[in-house]
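See structure below.
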Amino acid sequence: MFLFRFISFLFGYVNILVKGENLEKFLNKAASRGIFLWDIRRVGENEILVKTRLSAVKPLRHIGRTTGSLFRFKAREGLPFIISRLKKRKSLLLGAMLFLIGLYSLSSFIWFIDIKGNKALPAEKVLQIAAEGGLKPGVIRFKVDEARVEGYMRDKLPEVYYISVEISGTRATIEIAEKTIKRKEEQHPASIVAQKAGLVKEVLVLVGNPLVKEGDTVVPGQTLISGIIPPPEPSGSVPGDSAGDPGLNPPPVLPPAYVHAAGVVRARVWYEGYGEVFLVEDGIRKTGNSISRVCIKISGREIILKGDRSIPFADYEVQRNVKKAPGWRNLSIPVEIITEVYNETESFRVSRSRAEALELARQNALESARSGIGDDAQIIEEKTGEVSLKNPENIVRMRAYVETLEDIGIERPIERQQ
Amino acid sequence: MSWKDFKKRVKRQMSDMLEIPSDIILDLPKLVIFGDIQLYIENHRGIIEYSRETVRVNVGDYEVAVTGEDLLLRNILPDEICLEGRIKSVHFVR
């Protein structure tokens, strides 16, 4: 039926109002002659509206004459009429052509350049180098040779070891991986302060004024090596002397020297951890069986595209992933594609012996204690102990202590007082 | 029994025996009705009456009278008619 409609549209068809006394006869004659009529509708006492193909109009006139019916053309539809209408409206055609040409030509330029992966390198510099290499907004897409731009940029940017230029549509993406170059030592004044609480074991000062010594207990934030070096005490001047001799000029107050402190302060640091394990544990876990379902949601109505309507699991959890077309201004397309994954779950019960539970709790406790330890720390001692309670429970509790020796210093810039 | 009726009886027995669809052998109309909205009449002999409320179609020995509302002839072919609208009844009128 659709094919028939389409062919009719292609060759053109007309709506004819037929007036006459004997319309049934008219229809029968037309049908027996093989003239195709469709959508026949009675509109009045002696009037019917029919649709027929353009090629059938002439034989239909003949039948009309023999049955005494009058014709009036109501509407002309189909491709031939559209073309003839368009021929009269040349400017519309021109506009459509211009639109297509504009769309095509505008889409053959690069309008956007995205830069990914740059950290220290400013995006402006990358853009500038890319522009020198021939990639800038407004350039024609077909003239950009990605490999050449990449090569040029690699030459100009030695601090980058990987560059890829990719063009998709009107958007070019420059992906960069920077080399990690060790930056020069910072020259601004800084102190070294404690990061963690601990007992200072050794102090090695390279630059700066040490404020702690071995055996001191420090708290986080406490200055260990100061970047402020006080001026040396003027030799020979005792406070009592100057007070007793007002005639003598007070010694000039030298401003303290500011340095970038450097050094290592190693301290013993303690970490605590706690772990508990149930002797009998109930829970819910996934069985590994899962099914996925794809739905399309059109203005509140969900249509399943793939997958079953009913879920064959008794217990399950759902992961929904909704994809929505991006809205523009305050318009949004009310169509969403929803991918749902149903994971079957089951409840389980694990019972452990006391020894097993103790071992597990010990490991958990140690793990939680170790989680705060830095990479360069040296573990000196690990201790675990059960937290025992008077009345026995369904739970085993363990506490862990880890002692480490590590560098607790961290740089902090000094705010210079004017 | 007239000669015509005898011929019909023989034809029907033949079609029963050989399991040939009777609409071919006996030249009967075939009506296909979809709910109350669409009716196909195959093997017709022409329209007798057509209005919004009634459509009568000649199918040989008798006529099929359809009543309903807003009846519309979807298409007419030499051997097939498709009728649309809200169909209320289909009668065979001798």
Side-chain angles (χ1 to χ4, degrees), chain A residues 1-9 11-57 59-60 62-64 66-69 71 74-75 77-78, chain B residues 23-24 27-94:
Chain A
M1 207 60 204
F2 169 76
L3 191 72
F4 165 75
R5 285 283 155 94
F6 182 70
I7 290 169
S8 301
F9 174 80
F11 289 106
Y13 61 94
V14 285
N15 275 11
I16 312 173
L17 188 72
V18 186
K19 271 187 193 175
E21 295 290 323
N22 218 338
L23 291 170
E24 283 84 7
K25 202 174 167 191
F26 169 82
L27 291 177
N28 286 333
K29 277 206 168 186
S32 63
R33 279 255 212 128
I35 295 167
F36 204 93
L37 302 174
W38 72 91
D39 283 5
I40 299 156
R41 195 184 291 272
R42 187 167 284 265
V43 286
E45 185 63 28
N46 287 319
E47 287 174 329
I48 54 169
L49 200 63
V50 303
K51 283 182 184 170
T52 189
R53 281 188 191 162
L54 213 51
S55 55
V57 170
L60 217 56
H62 182 74
I63 294 164
T66 57
T67 56
S69 334
F71 287 179
K74 278 284 177 193
E77 282 164 82
Chain B
D23 59 332
I24 295 169
D27 201 21
L28 293 174
K30 186 175 173 186
L31 277 73
V32 183
I33 183 161
F34 295 92
D36 65 342
I37 57 160
Q38 212 171 35
L39 172 68
Y40 279 91
I41 305 170
E42 282 175 28
N43 212 356
H44 71 94
R45 297 284 156 78
I47 298 165
I48 297 165
E49 188 199 338
Y50 167 58
S51 72
R52 267 169 191 269
E53 287 78 30
T54 19
V55 177
R56 287 193 293 149
V57 180
N58 184 5
V59 289
D61 293 347
Y62 42 88
E63 51 188 65
V64 176
V66 184
T67 61
E69 289 168 18
D70 273 334
L71 294 178
L72 165 88
L73 294 170
R74 179 99 257 172
N75 58 43
I76 302 179
L77 290 170
D79 58 349
E80 187 191 303
I81 289 175
C82 175
L83 200 70
E84 274 190 9
R86 279 182 55 83
I87 296 165
K88 280 183 181 159
S89 68
V90 180
H91 290 279
F92 295 95
V93 183
R94 299 260 170 201

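Numbers restart at 1 for each chain; the letters A, B, ... are given by sequence-line order, proteins then strands.
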How close do B:Ile76 and A:Ala31 get, heavy atom to heavy atom, and via which atoms? CG2-CB, 3.3 Å
So, does A:Arg42 use its side chain to make a donor-acceptor pair with the main chain of B:Arg52 at under 3.5 Å? no
Is it the case that more than 12 heavy atoms not belonging to A:Arg41 sit under 6.0 Å from its CZ atom? no
Partners of B:Glu42 by side chain to side chain donor-acceptor pair (under 3.5 Å), sequence neighbours excluded? none
Tell me, out of B:Ile81, B:Asn75, B:Asp70, who's got the most heavy-atom pairs with chain A below 4.5 Å. B:Asn75
Any donor-acceptor pair under 3.5 Å linking the side chain of A:Glu24 with the backbone of B:Ile47? no
Should we count CZ of A:Phe4 as having more than 12 external heavy atoms under 6.0 Å? yes
Any B:Leu73 side-chain heavy atom under 4.5 Å of A:Ile48 side chain: no
For B:Glu49, the salt bridge (charged side-chain N to carboxylate O under 4.0 Å, His left out) test, sequence neighbours excluded, returns B:Arg56
Does atom CZ (A:Arg5) have a neighbourhood of more than 12 heavy atoms from anything else shown, all under 6.0 Å? yes
List the atom pairs, with distances to 0.1 Å, where a side-chain N or O of residues 14-23 of chain A and a protein N or O form a donor-acceptor pair under 3.5 Å, not counting sequence neighbours.
none

For atom CZ of B:Phe34, decide whether the heavy atoms of other residues, nucleotides or ligands shown that lie under 6.0 angstrom number more than 12. yes
Residues of residues 33-40 of chain A contacting chain B, heavy-atom criterion under 4.5 Å, by residue number: A:Gly34, A:Ile35, A:Phe36, A:Leu37, A:Trp38, A:Asp39, A:Ile40
